[in-house]
Amino acid sequence: MFRHLFKLIWNKKKQNFLLISEMFVSFLVIFAVFTLLVYYYQNYRTPMGIDYENVWVVNYTNSYKTENTDSLAQFYETLRQTVKSLPQVEEISFSSENFPFSMSTDGDGLVYNKSREQVDVFNVEDSYKDVLKIKVLDGRWFASQDAVAKERPVIINETLKKKLFGNENPVGKLVRFDYDEKTKVKVIGVVEDAKVKGDYVKVDPGSFVRLDTGSFHQLGNILIRISPDADASFEGHLYKTISNYMKNSNIEIEHLVNKRKDINYFSLVPMIVLSIVAGFLVVNVAFGLFGVLWYNINKRRGEIGLRRAIGASGKSVSVQLVSESMILATLSLIIGSFFAVQFPLLNVFDLPAGVYITAIVLSVIFIYLLVFICSLYPGKQAASIYPAVALHEE
Amino acid sequence: MISLQNIQKVYRTSTIETLALNSINLNIKKGEFLSVMGPSGCGKSTLLNIMGLLDAPSKGDINIDDQKLNNLSDKQLAQFRNKKLGFIFQSYHLINDLKVLDNVMLPLLYRNSSEKERKQSASEALGKVGLSNRVKHFPTQLSGGQKQRVAIARAIVGKPEIILADEPTGNLDSAMGNEVMDILLHLNKSEGTTIVMVTHDEHMAKKTHRLMRLFDGSQVQ
Ligand SMILES: Nc1ncnc2c1ncn2[C@@H]1O[C@H](COP(=O)(O)OP(=O)(O)O)[C@@H](O)[C@H]1O
Ligand SMILES: [Mg+2]
């Protein structure tokens, strides 16, 4: 029977071409959606790498006008002591603009031997690690002795370690940043990857550079780890404390929990839009398929009547029609998969091969299901055609 | 071989009721060649469909080969048709997307048989209707008479005991019609196949063993 159906399909290749193309295109669209979904899901499943839940960020405008670095440092040190002395504050750290979920980035090239990687650069204080509970995997975090170190220290994340050093131990190795090619900096530690760009975004290679006391004029954010019992009234109190100290400065307090939601929303929007577009397409294709199968069955009433007359039961007629659709689906899926596997083979978008493979498998299942469901009803309908009536019509 | 007792067939649509057959009693012996005649719409096709188990009567009993066939399931009926009956239609009902050989093989697909056996039997059947040289053609490349011969080959490929032919020569000119008729007569004579044929042609009806006339759903002769 299988051979018979194949002959039938082959001899009708012109009519079937349209149907196959339609299934093929839907496969590719579904494949794109699933690739993105699987990729997002995979990123979502990787650990966050930091503890952001009781961390607030205070954004301020630098209102202390002075050319004197020392007095500026003094000004902010006092602020630090004032805030830190509040009982609900556990730790505090000044930070560059690109703190977690901030949607701002600061990048540079980092060179080790002959290889170079584009990296995120985070300018941080020693206390940054404790505010965000960053885990040190190798070597150590910054400490006060680094202020007088011969080579400026740098800390890298796991992703950067893998890309730049592979299996080598990076601790103690000398590297250079693009912006200051002559000065070597020394890797002193490796920290766990942190998804600072949101749950769904892959962690980029990252490096941490220690802020020195001369950099306060370029900062505008304070990360504060507060105790879990801190509430809205404390937030008001904190706000007042800081704004009393920094007259003429615009102060804004945000929670990293909310910043995370915002940034996730940003990556979800394109996903949602794509899914809606794909959803419409799938519905269209489903109706198209359904229509074509329906039309074919009505065009083939004579054939169906004849098959019934010569020994096909109603059920075997519907099995035949559903099988024909499934064979057509198989043909389009073979062609579709051939194109889809080019993505991991040619590494088109720098996604892991596993993401593509999973997406291909899911899309194949999806298309099979779609075609099966779309042909089930027309197939059933065909089974209920009265042979005497169908044979009478021509 | 075939026995119809008090067969009645009523077609009901939302607006009208048609009495297509009215108390038909008929016994057809094994090896008999019966022709059925009557004006258009008198119920000839309906009678053949009921004998062919393609349609159920509203009333009455059908026995074929001493088997009562009123209460068989859809699947059992299909199997019965496949083994015992061969059909020939006025409009051939060939599948245009299949080659002649594949068309003839069709009934064997619904039995247990190997591809080789199917090809063998189909070639033999095509030989009997004189079309061994058209095996690889598509139906659209054949004349009407040739198409009907393919349909006959398809009807006999499964070696059925009964052939039901509904105006098999209705679409053919007299030369081609005679060819087809000769094949049926030969089949009846040499293989003892029981044949029921609907026809409009008195001349052809005369060549058969017995003639049944229908008028308005009732048997008149
Ligand atoms: N499926 C059907 N539904 C309603 N009426 C039908 C159907 N099939 C046949 N008839 C009616 O039954 C009568 C007999 O039809 P048919 O057996 O096809 O006649 P014939 O073959 O002698 O020309 C006709 O009046 C026809 O209109
Ligand atoms: Mg008729």
Side-chain angles (χ1 to χ4, degrees), chain A residues 1-20 292-293 295-321 323-325 327-328 379-394, chain B residues 9 11 20 45-56 72-99 101-111 113-115 118-119 138-139 151 154-155 157-158 160 164 166 171:
Chain A
M1 190 47 111
F2 191 75
R3 195 194 184 108
H4 170 71
L5 293 184
F6 220 84
K7 268 184 207 164
L8 207 56
I9 286 168
W10 177 253
N11 292 341
K12 283 198 282 194
K13 44 191 172 303
K14 257 191 218 143
Q15 289 110 293
N16 287 328
F17 178 75
L18 198 75
L19 211 53
I20 291 188
V292 170
L293 293 171
Y295 173 76
N296 278 349
I297 282 160
N298 278 303
K299 229 176 43 184
R300 291 169 69 181
R301 284 172 70 87
E303 177 192 335
I304 291 164
L306 173 85
R307 285 181 188 272
R308 300 279 271 125
I310 62 174
S313 61
K315 196 177 161 210
S316 75
V317 164
S318 73
V319 168
Q320 177 198 335
L321 291 167
S323 310
E324 278 182 29
S325 313
I327 292 174
L328 288 178
K380 255 216 163 91
Q381 211 56 23
S384 65
I385 291 176
Y386 286 109
V389 176
L391 287 165
H392 197 74
E393 282 164 358
E394 272 181 45
Chain B
K9 179 70 187 180
Y11 286 114
S45 296
T46 305
L47 179 68
L48 225 58
N49 286 337
I50 286 175
M51 274 193 226
L53 310 174
L54 295 173
D55 209 346
L72 294 189
S73 71
D74 180 65
K75 196 176 169 187
Q76 287 169 318
L77 284 175
Q79 271 167 8
F80 191 89
R81 284 195 296 265
N82 181 262
K83 289 214 180 70
K84 298 267 179 180
L85 307 175
F87 291 88
I88 304 170
F89 307 95
Q90 180 176 359
S91 50
Y92 327 122
H93 282 301
L94 300 177
I95 298 176
N96 286 330
D97 298 305
L98 289 176
K99 286 179 185 155
L101 188 71
D102 293 313
N103 263 290
V104 175
M105 275 160 55
L106 219 46
L108 305 180
L109 278 174
Y110 298 98
R111 307 182 174 181
S113 61
S114 70
E115 174 82 3
R118 290 199 282 269
K119 275 199 172 138
F138 281 97
R154 183 183 61 199
V157 72
L164 303 171
D166 194 349
N171 281 358

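Keep in mind the model is a prediction, meaning the values are calculated, not measured. In what follows, every chain begins at residue 1, and chains take the letters A, B, ... in the order their sequences are listed.
In this structure, the separation between CG on B:Asp166 and NE2 on A:His392 is 8.5 Å, given to the nearest 0.5 Å.
The shortest heavy-atom contact between A:His4 and B:Leu106 is CE1-CD1, 3.2 Å. The minimum heavy-atom distance between B:Tyr110 and A:Ala312, with the atom names listed, is CE2-CB, 3.4 Å.
No donor-acceptor pair closer than 3.5 Å links the side chain of B:Asp55 to the backbone N or O of A:Ala388.
Comparing A:Ala309, A:Gly305, A:Ser313, A:Pro387 by how many heavy-atom pairs each has under 4.5 Å with chain B, the most go to A:Ala309. Contacts with chain A were tallied for B:Asn82, B:Asn49, B:Asp97; B:Asp97 has the most, counting heavy-atom pairs under 4.5 Å. When B:Leu54, B:Leu85, B:Leu164, B:Leu94 are compared by the number of non-hydrogen pairs under 4.5 Å with chain A, B:Leu54 comes out ahead.
When side chains are defined from C-beta on, A:Lys315 does not count as touching B:Asp74, because their heavy atoms never get closer than 4.5 Å. Side-chain contact check for A:Leu8 versus B:Ile95: some heavy-atom pair is nearer than 4.5 Å.
For residues 5-15 of chain A, the side-chain hydrogen bond (donor to acceptor under 3.5 Å, both in side chains) pairs, not counting sequence neighbours, are A:Lys7-B:Asp102.
Within the 4.5 angstrom heavy-atom criterion, no atom of B:Gln90 approaches chain A. Proximity to chain A (any heavy atom under 4.5 Å) is restricted, for B:Phe138, to the side chain, taken from C-beta onward. Heavy-atom distances place the side chain of A:Leu306, and not its backbone, under 4.5 Å from chain B. Of the two parts of B:Arg154, only the side chain, counted from C-beta on, holds a non-hydrogen atom closer than 4.5 Å to a non-hydrogen atom of chain A.
Around atom OH of B:Tyr11, more than 12 heavy atoms belonging to other residues, nucleotides or ligands sit under 6.0 Å away.
In this view, A:Glu324 and A:Arg300, A:Gln320 satisfy the side-chain hydrogen bond (donor to acceptor under 3.5 Å, both in side chains) rule, not counting sequence neighbours.
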